[in-house]
There are 2 protein chains.
Amino acid sequence: MLLRKNPTYLGLKLPDMPLPDPSEFIPHLAFDSVVFGFSKGKLKILLMEYHATGWLALPGGFVRKDEALEDAVKRGLFERTGLREVYLEQFHTFGSLERAQPKFMKTILQANGHQVEDDYWMLDRFFSIGYYALLDYEKVSLTPDALSDSIAWYEVEKLPELIFDHDEIVQKALQTLRENLDRKVIGGNLLPERFTMNELQSVYEAILGEKLRRTSFQRKLLSLDILERHEKLFTGKSHKAPYLYSFKD
Amino acid sequence: MLLRKNPTYLGLKLPDMPLPDPSEFIPHLAFDSVVFGFSKGKLKILLMEYHATGWLALPGGFVRKDEALEDAVKRGLFERTGLREVYLEQFHTFGSLERAQPKFMKTILQANGHQVEDDYWMLDRFFSIGYYALLDYEKVSLTPDALSDSIAWYEVEKLPELIFDHDEIVQKALQTLRENLDRKVIGGNLLPERFTMNELQSVYEAILGEKLRRTSFQRKLLSLDILERHEKLFTGKSHKAPYLYSFKD
DNA sequence: TTATTATTGTCTCCTTATGTAACAATAGAA
DNA sequence: TTCTATTGTTACATAAGGAGACAATAATAA
C-alpha cells in the first residue's frame with residue numbers, strides 16, 4: 001500500500017481524485033521539469049512512475065488559465081519536492097506532431113480507473129515547455145502525484161527509457177545546463193549553503209561529464225571573486241582539512 | 001491605395017479576408033519571429049505596422065492543429081519574406097499573465113473592420129514561442145499580411161516602441177543571439193554566399209554592439225578552419241583588394 | 001613524541017590564446 | 001612614379017589555462 005501525504009492530481013488537490021476540469025486549464029499546453037540533484041558524486045534527475053504501467057516520465061503539469069507559466073512550474077515543483085525557492089530556467093518548447101501519443105495517455109488514465117472518450121482533452125496534442133531546476137538533494141521531500149506510484153532520483157548517466165519524447169527533453173536540458181555552466185555560476189545551486197572546493201568541482205565534473213584539473217579549477221573559481229571562505233571542515237580523515245566556502249551575496 | 005501581391009491573413013489565404021476559423025488553430029498559442037538582417041553596417045529586424053493604429057509588432061502567427069511548431073514559423077517567415085531556407089532558432093516562450101491585452105487586440109481587429117465579441121478567441125490569453133531568424137537582407141521580398149499596412153526593416157539600435165511585450169521579446173532574442181555567436185558560427189547567415197573578412201567582422205560588431213580588433217578577428221576566424229578563400233574583390237577603391245570568403249560545406 | 005599517509009592550498013613553469021602594434025603588399029588616384 | 005587607404009601577415013607583450021611540484025596539515029601508526 002502506498003503512502004501519500006499530499007494527494008494531488010496534476011496540481012489539483014482532490015480527495016476522490018476525479019479527472020481535472022478541462023475548463024480550468026489552458027488546452028494543448030503543458031510543462032515538463034527536469035529536476036537536477038547531486039548526491040554521492042552523481043548527477044540525478046527526478047522521474048515519476050505511472051500506476052500499473054511502470055512507465056517513467058518527467059514530472060510535469062498543466063497551466064491554469066489564470067496562472068503565469070512560471071508560477072505553474074513552481075507550483076508543480078513545490079508539490080513534488082516541497083521546495084519553493086529553486087533555481088529554475090526555461091530551456092526549450094517542444095511542439096512536434098509526433099509527441100502526441102493518445103494511446104499511451106489513454107492507457108495511463110485507464111490504469112488509474114478512468115475511462116475517457118477519444119476526444120478527451122488530455123489525449124489531445126500538447127505543446128510542452130521545458131524547464132530545468134537545480135536544487136539541494138538533501139532538502140527535498142518527495143511526494144508522488146495521483147497518477148504515479150513513485151517519484152524518485154535516477155542517475156543521469158544511467159537513465160532508463162522514458163515515455164513520449166522525454167528522453168529528448170532530458171538531453172536538451174542537459175545540453176543547455178552545460179552551455180550555461182561556464183556563463184553563469186549555477187553549480188552551487190546543487191549544493192548546500194556551505195561546501196568544499198572538492199564538492200563544487202565534483203558538481204562541475206558530473207554536469208560536464210569530464211574530469212577537471214584540481215589546481216586549475218581552484219585557481220579559476222577563486223579568481224572570480226564570488227566565493228567566501230569560511231572555517232575548515234574536519235572530517236576525521238587523516239589529512240589536511242579543506243576550507244568551507246559559500247557563494248557571496 | 002495599398003498594393004498586396006499575396007494577401008494573407010495570419011497564414012490563411014482568403015480573398016475576402018474574413019477572420020480565421022478558430023477550429024483550425026491551436027488556441028492560446030502563438031509564435032513571434034525576430035527576423036534579423038544586415039545592411040549598410042547595421043543590424044535590423046522586421047516589423048509590421050497594423051492598419052490605422054500605426055502600432056508596430058513582430059511578425060508572428062498561429063499554429064495549425066495539424067502543423068508542427070517549427071513548420072508554422074517557417075510558413076509565416078516564407079509568407080513575409082519569400083524565403084524558405086533560413087537559419088532559425090527558438091529562444092524563449094513567453095507566458096506571463098500581463099501579455100494578454102484584449103483591448104489592444106480588439107482595436108486592431110476593429111481597425112480592420114471586424115467587430116468581435118469579448119470572448120472571441122484572438123482576444124484570449126496567448127503563450128508566444130519566440131524564434132529568431134538570420135537571413136540575407138538582399139534576398140527578401142517583403143509582403144505585409146492582411147492586418148498590416150507594411151512590413152519593413154528597422155535598425156535594432158533605434159527601435160520604436162512596440163506593441164504588447166514585443167520589446168522584451170526582441171531584447172531576449174538579441175541576448176540569445178549574442179550568447180550563441182561565439183558558440184556557433186552563425187554570423188555568416190546574415191551575409192551573401194561570398195563576403196569579405198571586413199563584412200563578416202561588421203556583422204559581428206553589429207550583433208555584439210562593440211568594435212573588434214581587425215587582426216585578432218581575422219586570425220581567430222582563419223584559425224577555426226571554417227572559411228574557404230576565393231578570388232579577390234576589386235571594388236574600384238584605391239587600395240589593396242580583399243579576398244572573398246565563404247563558409248565551408 | 002615522531003613518522004606516515006592522504007589531501008589541500010599555493011606556486012612555478014610551460015603552452016596557448018589574445019591584445020597591440022608594426023610592416024610589407026597592392027589597387028587605384030594623383 | 002608617387003601617394004593613399006586598406007589588407008594580409010608577422011612579431012612581441014600580456015593573459016589564461018594545462019601540468020606538475022611542493023609545503024602544510026589532520027589524523028593514524030609506530
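So you know, we letter chains A, B, ... as the sequences are listed, proteins then strands, and number each from 1. Values below: every heavy atom of this structure, side chains too, minus hydrogens, waters and symmetry copies.
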Is a donor-acceptor pair below 3.5 Å formed from side chain [X] to base [N], judging by atom type as modelled?
X	N	result
Arg219(B)	dG19(C)	yes
Lys240(A)	dT25(D)	no
Arg214(A)	dG9(C)	yes

- On DNA chain D, check which nucleotide each of Thr215(A) and Thr235(A) is closest to and give me the residue with the more 5' one.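 Of the two residues, Thr215(A) wins.
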
- Query: Considering only side-chain heavy atoms of Arg213(B), which listed nucleotide, dT10(C), dA22(C), dT20(C), is closest?
  - Reply: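 Taking heavy atoms from C-beta onward, the closest nucleotide is dT20(C).
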
- Item | Side chain of Phe234(B) (C-beta onward), nearest among dG28(C), dT10(C), dT9(D) |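 Taking heavy atoms from C-beta onward, the closest nucleotide is dG28(C).
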
Could you tell me how far apart [X] ([atom1]) and [N] ([atom2]) are, to the nearest whole angstrom?
X	N	atom1	atom2	value
Glu199(A)	dT7(C)	CD	C1'	14 Å
Lys211(B)	dT20(C)	NZ	P	16 Å
Tyr243(A)	dA24(D)	OH	P	13 Å
Asp182(B)	dT18(C)	CG	P	11 Å
Gln218(B)	dT6(D)	CD	P	15 Å
Leu221(A)	dG17(D)	CG	P	11 Å
Lys237(A)	dA29(D)	NZ	C1'	18 Å
Phe217(A)	dT8(C)	CZ	C1'	14 Å

- Query: How would you label the contact of Thr196(B) with the nucleic acid (heavy atoms, under 4.0 Å): base, sugar-phosphate, or nothing?
  - Reply: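 The answer is nothing, as Thr196(B) stays clear of every strand by at least 4.0 Å.
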
- Task: Indicate, with a heavy-atom threshold strictly under 4.0 Å, whether Ser223(B) touches base, sugar-phosphate, or nothing.
- Result: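 Nothing: the residue Ser223(B), judged by heavy atoms under 4.0 Å, touches no strand.
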
- Query: How are the rings of Phe36(A) and Tyr132(A) set relative to one another: parallel (under 30°), tilted (30 to 60°) or perpendicular (over 60°)?
  - Reply: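 The arrangement is perpendicular - the two ring planes meet at more than 60°.
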
- Query: Taking the side chain from Arg80(A) and the backbone from Arg75(A), do they hold a donor-acceptor pair closer than 3.5 Å?
  - Reply: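 A pair under 3.5 Å: no.
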
- Message: Given 3.5 Å as the limit, does a donor-acceptor pair link the side chain of Ser148(B) with the main chain of Pro144(B), or not?
- Response: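 Answer holds: no.
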
- Query: Is Lys74(A) paired with Glu70(A) through a side-chain N to carboxylate O contact shorter than 4.0 Å?
  - Reply: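 A salt bridge links Glu70(A) with Lys74(A).
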
- Task: Inspect the contact between Glu89(A) and Lys184(A) and indicate whether a charged nitrogen and a carboxylate oxygen are less than 4.0 angstrom apart.
- Result: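 Here Lys184(A) pairs with Glu89(A) in a salt bridge, since their nearest N and O are under 4.0 Å apart.
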
- Task: Looking only at non-hydrogen atoms, find the nearest pair between Tyr245(A) and His230(A) and report the distance.
- Result: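 Smallest interatomic distance, heavy atoms only, reads C-CD2, 3.8 Å.
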
Between [X] and [N], does any side-chain N or O lie under 4.0 Å from OP1 or OP2?
X	N	value
Ser216(B)	dG19(C)	yes
Lys232(B)	dA27(C)	yes
Lys220(B)	dT18(C)	yes
Asn198(A)	dT7(C)	no

- Task: Report the C-alpha distance between Phe94(B) and Phe126(B) in whole Å, list the side-chain angles of each, state the deciding distance to 0.1 Å, and finish with yes or no for ring pair (Phe, Tyr, Trp, His ring centres under 6.0 Å).
- Result: CA-CA 9 Å; Phe94(B) 299 85; Phe126(B) 269 80; over 10 Å; no

- Message: Ring centres under 6.0 Å, that's the criterion: do Tyr204(B) and Phe217(B) meet it?
- Response: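 Yes: the rings meet the under 6.0 Å criterion.
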
Would you tabulate the pairs of protein nitrogen or oxygen atoms and nucleotide nitrogen or oxygen atoms of nucleotides 1-5 of chain C closer than 3.5 angstrom?
unit_1: dT5(C); atom_1: O2; unit_2: Ser238(A); atom_2: O; d: 3.0

- Task: Find which nucleotide of DNA chain C each of Ala241(B) and Ala241(A) is nearest to by heavy atoms, and output the residue with the more 5' nucleotide.
- Result: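 Closest to the 5' end, via its nearest nucleotide, is Ala241(A).
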
